[in-house]
**Q** 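Encoded as structure tokens, here's the structure I'll be asking about.
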Amino acid sequence: MKSLDGKIKKEKENGFASPHVKSEPEDNFYPSPKHEKPLKRKRDDDNDAEFKPKKIKTENDKKAKKRKLDEPKKTKNKKGEVADGKKKAKKEPEEKWKWWEEERYTDGSKWRFLEHKGPVFAPPYEPLPSNVKFYYDGKHMKLSPEAEEVATFFAKMLDHEYTTKDIFRKNFFKDWKKEMTSEEKSKITDLKKCDFNEMSEYFKAQSEARKAMTKEEKLKIKEQNERTLQEYGFCIMDNHRERIANFRIEPPGLFRGRGDHPKMGMLKRRIRPQDIIVNCSKDSKHPEPPPGSRWKEVRHDNKVTWLVSWTENIQGSIKYIMLNPSSRIKGEKDWQKYETARRLKKCVDRIRNQYREDWKSKEMRIRQRAVALYFIDKLALRAGNEKEEGETADTVGCCSLRVEHIKLHPENEGQEYVVEFDFLGKDSIRYYNKVPVEKRVFKNLQLFMENKEPDDDLFDRLNTSVLNKHLQELMDGLTAKVFRTYNASFTLQQQLKELTNADENIPAKILSYNRANRAVAILCNHQRAPPKTFEKSMQNLQAKIDAKRDQLSDAKRELKSSKADAKVRRDEKSKKAVESKKKAVQRIEEQLMKLEVQATDREENKQIALGTSKLNYLDPRISVAWCKKWGIPVEKIYNKTQREKFAWAIDMADDDYEF
DNA sequence: CTTTCTACTTAGTACTTTCACC
DNA sequence: GGTGAAAGTACTAAGTAGAAAG
């Protein structure tokens, strides 16, 4: 039974960042070029933009435009753009297709026309030069190309800790042997006797050489990449040229799952044309397989969004090539997600009352369902599908929690009915939290845990499918994950309201935004490994602070002496000197404060990742509205990629948007 | 009903580029 | 103009959820 030291855990009081003021690293803000949007069309005048896919719904009375052919946009690279003249920041957006002003398909189909060039395969294996040798038991051994390739995968990871892990080594060795000739197999029987060092050194040298390339060489590569992107990185879907997210096939290598993965080290095999299923429209120009090869299959299924798929050999799951988040097909779905969350907002009170009632149910399954839902709602836990044991790392979500993952404290640090959670969630990220719960919940948990072993399911009468079926009855389209979206977005909106101070300048407001964002990230338990350079960069910052302090005391001393001087001399000049010294002191004090605040900010962000919530949980219209309301350029909040993904929100949200 | 399959979203990290500073 | 940190991007694993199969 796991008992964790109470001190290691991070503080996590359901979520809110401590309220210091801090400044963001950067503070050269351009004076808001006022994000002008000529009166956007209103999406709906009745009530909030309802987004119901699969239902016939004409976007308010407005006649939606037909999806018709407008010329595919040329996508120039940024360099080209700069070349063609003064910065015309405004020019691009105007010619962008506004898919959100068009009607959606209501028949479950995802497209009418789809044409693409197929995937880009991993480059073929290049055998090592003959001077780079592999040694077995101290003796040079020339490997067959197949065995050599797999050996290089291991050699490339030599510096990594996981090549020392037993499971990794065992899995690797087993799969490596499969690639060996029978001779090799009979010779190489012990991984410990394998010396990959020359190979490893060779790759390091290669990567150094790559870094040391001349400007011209680098540019050439860049141009080649750009050509590949233009050729394979886009497709035509319903008359629009859309960016593909991942048009390159995953190269072979050694699988590294996250956390304690039983399959780590296994060989991820090379994908060939005959493994590939292509999806496109019948009347499109079909992608050509590489000369001398053929596709596994070409199909024309417009009920799905993917262009290419293949089955991966580690878990046997299917991988897909799909479109970029900026595409219509992803954007519509994203928008819809937030509309579902907004519908939940309207009925969440009812649902909460209902599950509270259900805590008293005489049926065990209903009580379990109600307690689980309470956790999902209050703590933003994931649903917790069951997983095949031994196939993946041992992680859980709400429905799959086991008895060993919680501890009950009738009384803890002055609070009653505290539940202590400690488990590994998605990506083997630890979730640790101590939360006071209502007495009824507490009593129910005691009941659920009675006569169970630590590794028994806490909710033995519940799974995600049962839970979701129930949720579906409470609200159309409601599933467990909607609660995460809802609570995240709601928290952002509420925190922005609370933290934004009208009198503050733009950097301070952005700081507040980041704080609100951080509150959500904490709620959703979005963590990251502290950056490798963290300690160092923290030290650098501290050094800067110290230097600033010294500078400050110097300045103060000077001020003092100039004051004394002025007292004696009593002339204009020395008075002026005093004034300027005063100013200097003030300026330095300000700078010092900023640095200190920056340090706090960075410290607070050490293990918290803001990106995931920003990209996946926060209704972008809340952020856009906030920017508009306070005259903050959207660019301060969203970088270019993010602005492309959220173009719909940027276009449609007014400053008074309410989630 | 349970299990398996499929399609899609969400996730952290490694790598690459940009930017601020000397 | 060189360097190191920060920002941005690419990558792909790991989830959710619903449908199909057994």
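Residue numbers start from 1 in every chain, and the chains themselves are labelled A, B, ... in the order their sequence lines are given, proteins ahead of strands.
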**Q** Quick one: is B/dT10 close enough that its OP1 or OP2 comes under 4.0 Å of any side-chain N or O from A/Lys481?
**A**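 Affirmative; the distance criterion is met.
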**Q** Choosing from C/dC11, C/dA10, B/dA7, which nucleotide comes nearest the side chain of A/Arg248?
**A**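 Minimum distance to the A/Arg248 side chain belongs to C/dC11.
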**Q** Determine, for A/Arg402 against A/Asp394, whether the closest basic-nitrogen to carboxylate-oxygen distance falls under 4.0 angstrom.
**A**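 Salt bridge between A/Arg402 and A/Asp394, a charged N being under 4.0 Å from a carboxylate O: yes.
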**Q** Counting the atoms with a prime plus P, OP1 and OP2 as sugar-phosphate, which does A/Arg484 contact under 4.0 Å by heavy atoms, base, sugar-phosphate, or nothing?
**A** sugar-phosphate
**Q** Quick one: label A/Pro251 by what it contacts on the DNA or RNA (base, sugar-phosphate, nothing), any heavy atom closer than 4.0 Å.
**A** sugar-phosphate
**Q** Ring of A/Phe255, cation from A/Lys268 - is the NZ or CZ under 6.0 Å from the centre and inside 45° of the axis?
**A** no
**Q** Taking any heavy-atom pair under 4.0 Å as a contact, classify A/Ala480: base, sugar-phosphate, or nothing.
**A**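 Touches sugar-phosphate only.
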**Q** OP1 or OP2 of C/dA14 versus the side-chain N and O atoms of A/Thr392: is any pair under 4.0 Å?
**A** no
**Q** Measure the distance from CD on A/Glu388 to P on C/dA14 and round it to the nearest whole Å.
**A**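 Answer to the nearest Å: 14 Å.
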**Q** Ion pair present between A/Asp301 and A/Arg299, side-chain N to carboxylate O less than 4.0 angstrom?
**A** no
**Q** Round to the nearest Å and state the distance from A/Arg382 atom CZ to C/dT16 atom P.
**A**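 Result: 7 Å.
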**Q** Mapping A/Ile429 and A/Asn463 to their closest nucleotides on DNA chain B, which lands nearer the 5' end?
**A**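 Checking each residue's closest nucleotide, the 5'-ward one belongs to A/Asn463.
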**Q** Just the rounded figure in Å: distance from P of B/dC8 to CG of A/Asn468.
**A** 18 Å
**Q** Under 4.0 Å between a side-chain N or O of A/Ser428 and OP1 or OP2 of C/dA14?
**A**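 No, no such contact exists.
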**Q** Over all strands shown, is A/Thr305 touching base, sugar-phosphate only, or nothing at heavy-atom distances under 4.0 angstrom?
**A**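 Touches sugar-phosphate only.
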**Q** Taking the side chain as everything from C-beta on, heavy atoms only, tell me whether A/Leu467 gets closer than 4.5 Å to A/Ile376.
**A**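 Yes, at least one pair of side-chain atoms sits under 4.5 Å.
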**Q** Can you confirm whether more than 12 heavy atoms, excluding those of A/Asp260, are under 6.0 Å from its CG atom?
**A** no
**Q** Check whether any side-chain nitrogen or oxygen of A/His526 sits under 4.0 Å from OP1 or OP2 of B/dT10, and answer yes or no.
**A** no
**Q** Report the nucleotide, chosen from C/dA14, B/dT9, B/dA7, that has the shortest atom-to-atom distance to any side-chain atom of A/Lys330.
**A** B/dT9
**Q** Examine C/dG8: is either OP1 or OP2 under 4.0 Å from a nitrogen or oxygen in the side chain of A/Thr641? Give yes or no.
**A**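 Checking C/dG8 against A/Thr641, no side-chain N or O comes under 4.0 Å of OP1 or OP2.
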**Q** With a 4.0 Å cutoff (strictly under), does any side-chain N or O of A/Asn385 reach OP1 or OP2 of C/dG15?
**A**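 Negative; the distance criterion is not met.
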**Q** Map A/His160 and A/Lys337 onto DNA chain B by nearest heavy atom, then report which one ends up closer to the 5' terminus.
**A**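 The residue whose closest nucleotide sits nearer the 5' end is A/Lys337.
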**Q** What is the distance from CG of A/Asn605 to P of C/dA6, rounded to the nearest Å?
**A**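 So the two atoms are 12 Å apart, to the nearest Å.
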**Q** Counting any heavy atom closer than 4.0 Å, what does A/Lys268 reach on the DNA or RNA strands: base, sugar-phosphate only, or nothing?
**A** sugar-phosphate
**Q** Would you name the heavy atoms of A/Asn324 and A/Lys330 that are closest together and state the gap between them?
**A**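 In terms of heavy atoms, the two residues are closest at O-CG, 3.4 Å.
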**Q** Would you kindly compare A/Asp427 and A/Ala383 by the position of their nearest DNA chain C nucleotide and give the one closer to the 5′ end?
**A** A/Asp427
**Q** Find the distance A/Lys426:NZ to B/dG12:P and express it as a whole number of Å.
**A** 8 Å
**Q** From the options C/dA17, B/dT13, B/dC8, select the nucleotide whose nearest atom is closest to the side chain of A/Ala529.
**A** B/dT13
**Q** What does A/Ala393 touch in the nucleic acid at a heavy-atom separation under 4.0 angstrom: a base, only the sugar-phosphate, or nothing?
**A**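 No contact at all - A/Ala393 keeps every heavy atom at 4.0 Å or more from the nucleic acid.
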**Q** Under 4.0 Å between a side-chain N/O of A/Lys218 and OP1 or OP2 of B/dT16, yes or no?
**A** no
**Q** Starting at CD1 of A/Ile277 and ending at C1' of B/dT6, how long is that distance when rounded to a whole Å?
**A**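 Taking atom C1' of B/dT6 as the reference, CD1 of A/Ile277 is at 11 Å.
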**Q** Do any side-chain nitrogens or oxygens of A/Lys319 fall under 4.0 Å of OP1 or OP2 in C/dT12?
**A**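 No, outside the criterion.
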**Q** With A/Asp238, which of A/Arg112, A/Arg328, A/Arg104 fulfils salt bridge (charged side-chain N to carboxylate O under 4.0 Å, His left out)?
**A** A/Arg328
**Q** Is A/Gly425 touching bases, backbone alone, or none of the nucleic acid, heavy atoms closer than 4.0 Å?
**A**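 Sugar-phosphate, backbone atoms only, no base.
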**Q** Rounded to the nearest angstrom, tell me the gap between atom CG in A/Leu478 and atom P in C/dA17.
**A**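 One finds 9 Å between P of C/dA17 and CG of A/Leu478, rounded.
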**Q** When all nucleic acid strands are considered with a 4.0 Å heavy-atom cut-off, which category describes A/Gly384: base, sugar-phosphate, or nothing?
**A** sugar-phosphate
**Q** Would you indicate what A/Lys211 reaches in the nucleic acid, counting non-hydrogen atoms under 4.0 angstrom: base, sugar-phosphate, or nothing?
**A** nothing
**Q** Take A/Gln472 and A/Asn639, find for each the nucleotide of DNA chain C with the closest heavy atom, and name the residue whose nucleotide sits nearer the 5' end.
**A**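 Final value for this comparison: A/Asn639.
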**Q** Give A/Tyr617 one of three labels, base, sugar-phosphate or nothing, depending on what nucleic acid heavy atoms sit under 4.0 Å from its own.
**A** sugar-phosphate
**Q** Within this structure, what is the CG-to-C1' distance between A/Leu615 and C/dA7, rounded to whole angstrom?
**A** 14 Å
**Q** Closest approach to the side chain of A/Arg528, judged atom by atom: which nucleotide of C/dT12, B/dA7, B/dT13 is it?
**A** B/dT13
**Q** Is any side-chain N or O of A/Thr464 closer than 4.0 Å to OP1 or OP2 of C/dA17?
**A**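 It does not, given that no N or O in the side chain of A/Thr464 lies less than 4.0 Å from OP1 or OP2 of C/dA17.
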**Q** Tell me which nucleotide among C/dT16, B/dT6, C/dA13 gets nearest to the side chain of A/Phe255.
**A** C/dA13
**Q** Can you see if the side chain of A/Arg210 gets near the phosphate of B/dT16 - specifically, an N or O under 4.0 Å from OP1 or OP2?
**A** no
**Q** State whether the distance check finds a donor on one side and an acceptor on the other, under 3.5 Å, for side chain A/Arg258 versus base C/dA13.
**A**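 Indeed there is one.
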**Q** Looking at A/Thr612, does any N or O in its side chain come under 4.0 Å of the phosphate oxygens OP1/OP2 on B/dG12?
**A**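 Answer yes for this pair, as a side-chain N or O of A/Thr612 is under 4.0 Å from OP1 or OP2.
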**Q** Taking all atoms of both residues into account, what is the closest heavy-atom pair of A/Ser309 and A/Tyr320, and its distance?
**A** CB-CD2, 3.8 Å
